[in-house]
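Each chain gets a letter, A, B and so on, in the order the sequences are listed, and its residues count up from 1. From a predicted model like this one, the values you see are computed outputs, not experimental measurements.
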Amino acid sequence: MSALKNIIYNCRKATFLIEKKQLSPLTFQEKVELRIHLTGCSFCRLFQKQSISINLMVHELFHTAKPTERGLDETYKKELQERIENELNKN
Amino acid sequence: MPDYYNLSSSMSSQKHTESSSSETHTIDPHLWVTHHADYLYNYAITRINEEEQARDLVQETFLAALERIDRFEGRSTERTWLTAILKNKIIDIYRKKSSGLKNITIDSGAEQNDQDFFDPDDGHWKKAHRPQPFGIEDTTDALNAKEFNSILKRCMQKLPGLWLSVFTMKHMDDESTDFICSELKVTPSNFWVIIHRAKLNLRACLQKNWI
């Protein structure tokens, strides 16, 4: 009972479980605890919604960047190739 | 000569057909810069966000690759091979950035930080830190999204080094929790603490800068 009471009032724990849930499965007890908390807490429901969209946006941000969006400047590339040629000629 | 070089996102889908043929991949350092420099630079800069360091990393990757060129067996494409070398170098940087910060962020700094969000007695959201709607949760406004993304990027850069490294490895490269823990030398329980605090801070930063 004290465990239950603990989660009903504990947003710190609930947000922890919200994060954990998105990356790995919760235990049965954790699932129940989180569900009970979310039923009564609109702030954590909003947190969950925002947390999920942040993860989606971060994923988008990382995966849709075009490969040649930002390139190296040509001078640097020329010097780089020269350096490689030098190394190759050493052998 | 087969055109391996224009493969990027389609790489994984083509890998299968390539490896099922008897053909092996060739390697030609004379063309490395032309074919891979921009790609590798972008790979690096999206993960460390420092132009000069990203540039150095590209150079270091090519030089390291030259040293072990005899170990290239042609089972993967040149680009995959080079990217693997770069990736290890990036993880080295994460590791360097995170060592030393570890004690501060986990033991003291973050603890206090955490208490900023929640009441230390009952664990409730403090009034000032309660989540508020961003107002774009349900819209798909492209302009808004673009602006929101740039705030998101800035907010991510404000996270402490170790947190950002963990966050990036998880979300950008979908690395397993075990791998991240062993590479960055954090315990699984600290890993979850970091994931939790990184998100609390990131969300709070977005709320502060967007609304």
Please examine the side chains of [Y] and [X], heavy atoms only from C-beta on, and report whether any two atoms are closer than 4.5 Å.
X	Y	result
A:H59	B:D174	yes
B:D122	A:N10	no
B:F134	A:S53	no
B:Q59	A:Y76	yes
B:F167	A:V58	yes
B:H30	A:L88	yes
B:W125	A:T15	yes

With rounding to the nearest 0.5 angstrom, report the [atom1] to [atom2] distance, [X] to [Y].
X	Y	atom1	atom2	result
B:F148	A:M57	CZ	CE	4.0 Å
A:K20	B:T177	NZ	OG1	10.0 Å
B:R203	A:L46	CZ	CG	7.0 Å
A:I52	B:K199	CD1	NZ	8.5 Å
A:Q50	B:L202	CD	CG	11.0 Å
A:K13	B:F118	NZ	CZ	13.0 Å

Task: Stepwise salt bridge (Lys or Arg N to Asp or Glu O under 4.0 Å) check, A:K77 with B:D38 - done: CA-CA 9 Å; A:K77 284 201 254 186; B:D38 284 336; 2.8 Å; yes
Task: Working for salt bridge (Lys or Arg N to Asp or Glu O under 4.0 Å), residues A:D73 and B:R55 - done: CA-CA 10 Å; A:D73 68 79; B:R55 251 164 48 152; 3.6 Å; yes
Report which part of [X] has an atom under 4.5 Å of a heavy atom belonging to chain B: side chain, backbone, both, or neither.
X	answer
A:Q22	side chain
A:F16	both
A:Q81	both

- [ ] Look at atom CZ of B:R130 and say whether more than 12 heavy atoms of other residues, nucleotides or ligands are closer to it than 6.0 Å.
- [x]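 Above 12, so yes.
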Open item on the list: Run the side-chain contact (heavy atoms from CB on, under 4.5 Å) test on A:L80 and B:W32 for me, step by step, so that the C-alpha distance in whole Å, both residues' side-chain angles and the decisive distance to 0.1 Å come before the verdict.
Closed with: CA-CA 10 Å; A:L80 196 52; B:W32 277 357; over 6 Å; no
TODO: Begin with the C-alpha distance, continue with both residues' side-chain angles, and end with the deciding distance and a verdict on side-chain contact (heavy atoms from CB on, under 4.5 Å) for B:H196 and A:R12.
DONE: CA-CA 9 Å; B:H196 182 213; A:R12 189 203 311 265; 4.3 Å; yes
- [ ] Select one option (side chain, backbone, both, neither) describing which atoms of B:L206 are under 4.5 Å from chain A's heavy atoms.
- [x] side chain
